[in-house]
Amino acid sequence: MRSLFPVTDLTTSTSEGGGPAGPSVDREWSLDELAEAYAYPTAPDRGAPAVAGGADPSGGSWLRANMVSTLDGAAQHEGRSQPISCATDMRVFGTLRGLADVVIAGAETVRQEGYRPARAREAFAARRAAAGQGPAPAVAVVSGSLELDFSLPLFTEPLVPTLLLTGAAAPADRIAAARRAGAEVVIAGDGAGVDPARAVRELADRGLRRQLTEGGPRLLGQFVAAGVLDELCLTISPMLTAGDAQRIAGGPRVAVPERFFLASLLEEAGFLFSRYRRTDS
C-alpha cells in the first residue's frame with residue numbers, strides 16, 4: 001500500500017540508498033498505521049468527534065460510511081460485496097470497525113452478508129481504552145418490520161448488546177421478541193420506518209458518537225438524503241461487472257448534489273482507498 005494524497009515531503013522522499021521511504025513506499029501497512037490514517041476527527045478540548053459545520057444537529061457525532069464499488073459502479077456482485085473486495089480492503093474494513101463506537105447496517109445487508117457480532121481485537125485495545133471505548137463496537141441494525149432471526153449469533157453472542165433501530169409503529173410482538181433475545185430496541189421514527197437523522201441522534205445520546213455505516217445502498221442513500229453523512233470511505237475496485245447491480249447509494253434523490261472533498265487516497269494492487277469529507281466539515 002502507498003499513499004497518493006495528500007502529498008507531503010514524505011510522499012516523495014527517498015532513503016539513503018536511493019530507494020523510497022515514507023508513506024509512498026508500496027508495502028503492507030500495519031494496523032496501527034491504518035488506524036492513524038483513518039482516525040476520527042477530534043474537536044478541540046474534548047474527546048468527542050468534531051461536528052460538521054460547527055452546528056450540533058446530531059448530538060456531536062461523526063457518521064462515516066465504508067463502501068466498495070467497481071469501476072462501472074457496482075456495489076455488489078450476486079448480492080454480496082466480498083467478490084469485488086480484496087484482502088487489503090478487508091483490513092481497512094476491520095480498522096474502521098476497530099475505531100468505531102457503533103456499526104450501523106440495514107436489515108437486508110445483515111441478512112445478505114451474514115453479519116456476526118463485532119469482535120474485540122488486541123490490535124486496537126489500547127487505542128480504544130485511551131478513547132474511553134469498550135472492547136468492541138456495538139452493531140445497530142436498522143429495520144422497520146424487525147423481521148430478523150433473533151437466534152443468530154449477532155443477537156445471542158455479542159460482546160455488546162445489539163441495537164435495533166426501528167419506528168414507533170413497529171410490530172409489538174417483534175419488539176418483544178427482540179428484547180427477549182437481549183437486543184436493545186431504539187425507537188428512531190414516529191411511523192413504521194426510521195428517521196436517519198433521529199437514528200444518528202439516538203445513538204449519540206447513548207454515547208455512540210463515532211459512527212460507521214456499512215450500508216447497504218438503500219440505508220446509505222437515506223443518510224445522504226437526510227444530510228447527516230460526514231465522511232465516505234470508498235474503495236474503488238479495479239473490476240468490471242456489468243449487469244444491474246446496485247450502486248453504493250440508492251433511495252431518495254437529493255435536490256442539489258452535495259460536494260465532498262478528497263481527504264486522503266491510498267493505493268494497492270490497483271485498488272484505490274479514498275476518503276471524502278463534507279465540504280463544511
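Nothing here was measured: the structure is a model prediction, and the numbers come from that model.
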Item to check | Close side-chain approach of N66 to R97, heavy-atom, < 4.5 Å | outcome: no

Kindly list each side-chain donor-acceptor pair under 3.5 angstrom involving residues 158-169, sequence neighbours excluded, with atom names and distances?
residue: T162; atom: OG1; partner: L154; partner atom: O; Å: 2.5
residue: T166; atom: OG1; partner: S143; partner atom: O; Å: 2.7
residue: T166; atom: OG1; partner: G144; partner atom: O; Å: 3.3

Next on the checklist: Does any part of the side chain of L234, heavy atoms only, come nearer than 4.5 Å to the side chain of S69, both counted from C-beta?
Outcome noted: yes

Checklist entry - Just wondering, more than 12 heavy atoms not from D72 lying within 6.0 Å of its CG? => result yes

Checklist entry - Sub-3.5 Å donor-acceptor pair from the side chain of T213 to the main-chain atoms of A65, do we have one? => result no

Checklist entry - Can you find a heavy atom in the side chain of T88 that is under 4.5 Å from one in the side chain of W29? => result no

Item to check | Smallest separation among heavy atoms of A118 and A136, with atom names | outcome: O-CB, 3.8 Å

Checklist entry - Which pair of heavy atoms, one from P252 and one from A225, lies closest together, and at what distance? => result CG-CB, 3.7 Å

Next on the checklist: Please determine whether the number of non-hydrogen atoms from other residues, nucleotides or ligands lying under 6.0 Å from atom OH of Y40 exceeds 12.
Outcome noted: yes

Checklist entry - Is the backbone N or O of Y38 less than 3.5 Å from a side-chain atom of R64, with the two atoms forming a donor-acceptor pair by type? => result yes

Checklist entry - Do you know the tightest heavy-atom contact between P196 and A226? => result CB-CB, 3.9 Å

Next on the checklist: Assess whether a salt bridge exists between R206 and D101, defined as any Lys/Arg side-chain N lying under 4.0 Å from an Asp/Glu carboxylate O.
Outcome noted: no

Next on the checklist: Return the SG to CG distance between C233 and L212, rounded to the nearest 0.5 Å.
Outcome noted: 7.5 Å

Checklist entry - Judged by atom type as modelled, is there a donor-acceptor pair below 3.5 Å linking the side chain of D195 to the main-chain atoms of A188? => result no

Next on the checklist: Looking at every non-hydrogen atom in both residues, tell me the closest pair between P117 and P153 and how far apart they are.
Outcome noted: CG-O, 3.2 Å

Checklist entry - What's the shortest heavy-atom distance between L203 and A140, and which atoms? => result CD2-CB, 4.3 Å

Item to check | Inter-residue atom distance E108.CD - L148.CG, 0.5 Å rounding | outcome: 10.0 Å

Next on the checklist: Are the side chains of F273 and I236 in contact, using a 4.5 Å heavy-atom criterion?
Outcome noted: no

Next on the checklist: Any salt bridge linking E268 with R91? Criterion: basic side-chain nitrogen under 4.0 Å from a carboxylate oxygen.
Outcome noted: no

Next on the checklist: Checking R277 against D230 for the side chain to side chain contact (heavy atoms under 4.5 Å, CB included) test, could you report, in this order, the C-alpha distance in whole Å, the side-chain angles of both residues, the deciding distance, and whether it holds?
Outcome noted: CA-CA 6 Å; R277 290 182 176 175; D230 297 299; over 6 Å; no

Item to check | Side chain proximity check, T156 to F150, heavy atoms < 4.5 angstrom | outcome: no

Next on the checklist: Test your reading of the model: is there a side-chain donor-acceptor pair from R128 to the backbone of A100, 3.5 Å cut-off?
Outcome noted: yes

Checklist entry - Is a side-chain N or O of E267 found less than 3.5 angstrom from the main chain of G270, in a donor-acceptor match? => result yes

Item to check | Salt-bridge contact D149-R111 (side-chain N to carboxylate O under 4.0 Å) | outcome: no

Checklist entry - Between R27 and E33, is a salt bridge (Lys or Arg N to Asp or Glu O under 4.0 Å) present by the stated rule, with each step listed? => result CA-CA 12 Å; R27 59 179 175 80; E33 287 175 304; 2.9 Å; yes

Item to check | Carboxylate-amine/guanidinium contact E184 R179, below 4.0 Å | outcome: no

Checklist entry - Can L220 and L229 be said to form a side chain to side chain contact (heavy atoms under 4.5 Å, CB included), step by step? => result CA-CA 8 Å; L220 178 55; L229 185 70; 4.0 Å; yes

Checklist entry - Is the CD atom of E122 crowded by more than 12 outside heavy atoms at less than 6.0 Å? => result no

Checklist entry - Is it the case that one hydrophobic cluster holds both I175 and V110, taking links as side-chain heavy atoms less than 4.5 Å apart, direct or via other members? => result yes

Item to check | Side-chain donor-acceptor contact under 3.5 Å, Q211 with W62 | outcome: no

Checklist entry - When clusters are formed by joining ILVMFWY residues with side-chain heavy atoms under 4.5 Å apart, either directly or through shared neighbours, do M90 and L96 land in the same one? => result no

Next on the checklist: Tell me whether E36 is salt-bridged to R127, with the criterion being a basic N under 4.0 Å from an acidic carboxylate O.
Outcome noted: yes

Next on the checklist: Using only atom types and a distance under 3.5 Å, with no angle test, would you say the side chain of T95 pairs donor to acceptor with the backbone of L34?
Outcome noted: no

Item to check | Side-chain (R121) to main-chain (P135) donor-acceptor, under 3.5 angstrom | outcome: no

Please list, one pair per line, the donor and acceptor atoms closer than 3.5 Å that link side chains of residues 254-265 to other protein atoms, with sequence neighbours excluded.
residue: E258; atom: OE2; partner: R278; partner atom: NE; Å: 3.3
residue: S264; atom: OG; partner: R275; partner atom: NE; Å: 3.0
residue: S264; atom: OG; partner: R275; partner atom: NH2; Å: 3.4

Next on the checklist: Donor-acceptor pair, distance only, cut-off 3.5 Å: does the side chain of Q133 make one with the backbone of L99?
Outcome noted: yes

Next on the checklist: Is there a side chain to side chain contact (heavy atoms under 4.5 Å, CB included) between F93 and V68? Walk through the geometry before answering.
Outcome noted: CA-CA 10 Å; F93 172 92; V68 59; over 6 Å; no

Next on the checklist: Take a 6.0 Å sphere around CZ of R119 and say whether it holds more than 12 heavy atoms from other residues, nucleotides or ligands.
Outcome noted: no

Item to check | Any F271 side-chain heavy atom under 4.5 Å of I84 side chain | outcome: no

Next on the checklist: Nearest 0.5 Å, please: how far is OG in S61 from CG in D205?
Outcome noted: 9.5 Å

Checklist outcome for this item: In this structure, CG of L71 is separated from CG of L240 (nearest 0.5 Å) by 5.0 Å

Checklist entry - Closest heavy-atom contact between V141 and G106? => result CG1-C, 4.4 Å

Checklist entry - How long is the gap from CZ on R209 to CG on L63, to the nearest 0.5 Å? => result 14.0 Å

Next on the checklist: For T109, give me all partners under side-chain contact (heavy atoms from CB on, under 4.5 Å), at least two apart in sequence or on another chain.
Outcome noted: E113, Y115

Item to check | Full working for side chain to side chain contact (heavy atoms under 4.5 Å, CB included) between H77 and Q82 | outcome: CA-CA 8 Å; H77 182 64; Q82 188 277 331; over 6 Å; no

Checklist entry - Do the side chains of Q76 and P217 get nearer than 4.5 Å, heavy atoms only? => result yes

Next on the checklist: For the OG atom of S30 and the CE atom of M1, what is their distance to the nearest 0.5 Å?
Outcome noted: 11.0 Å

Checklist entry - Would a 4.5 Å heavy-atom cut-off, applied to side chains only, mark M67 and L232 as touching? => result yes

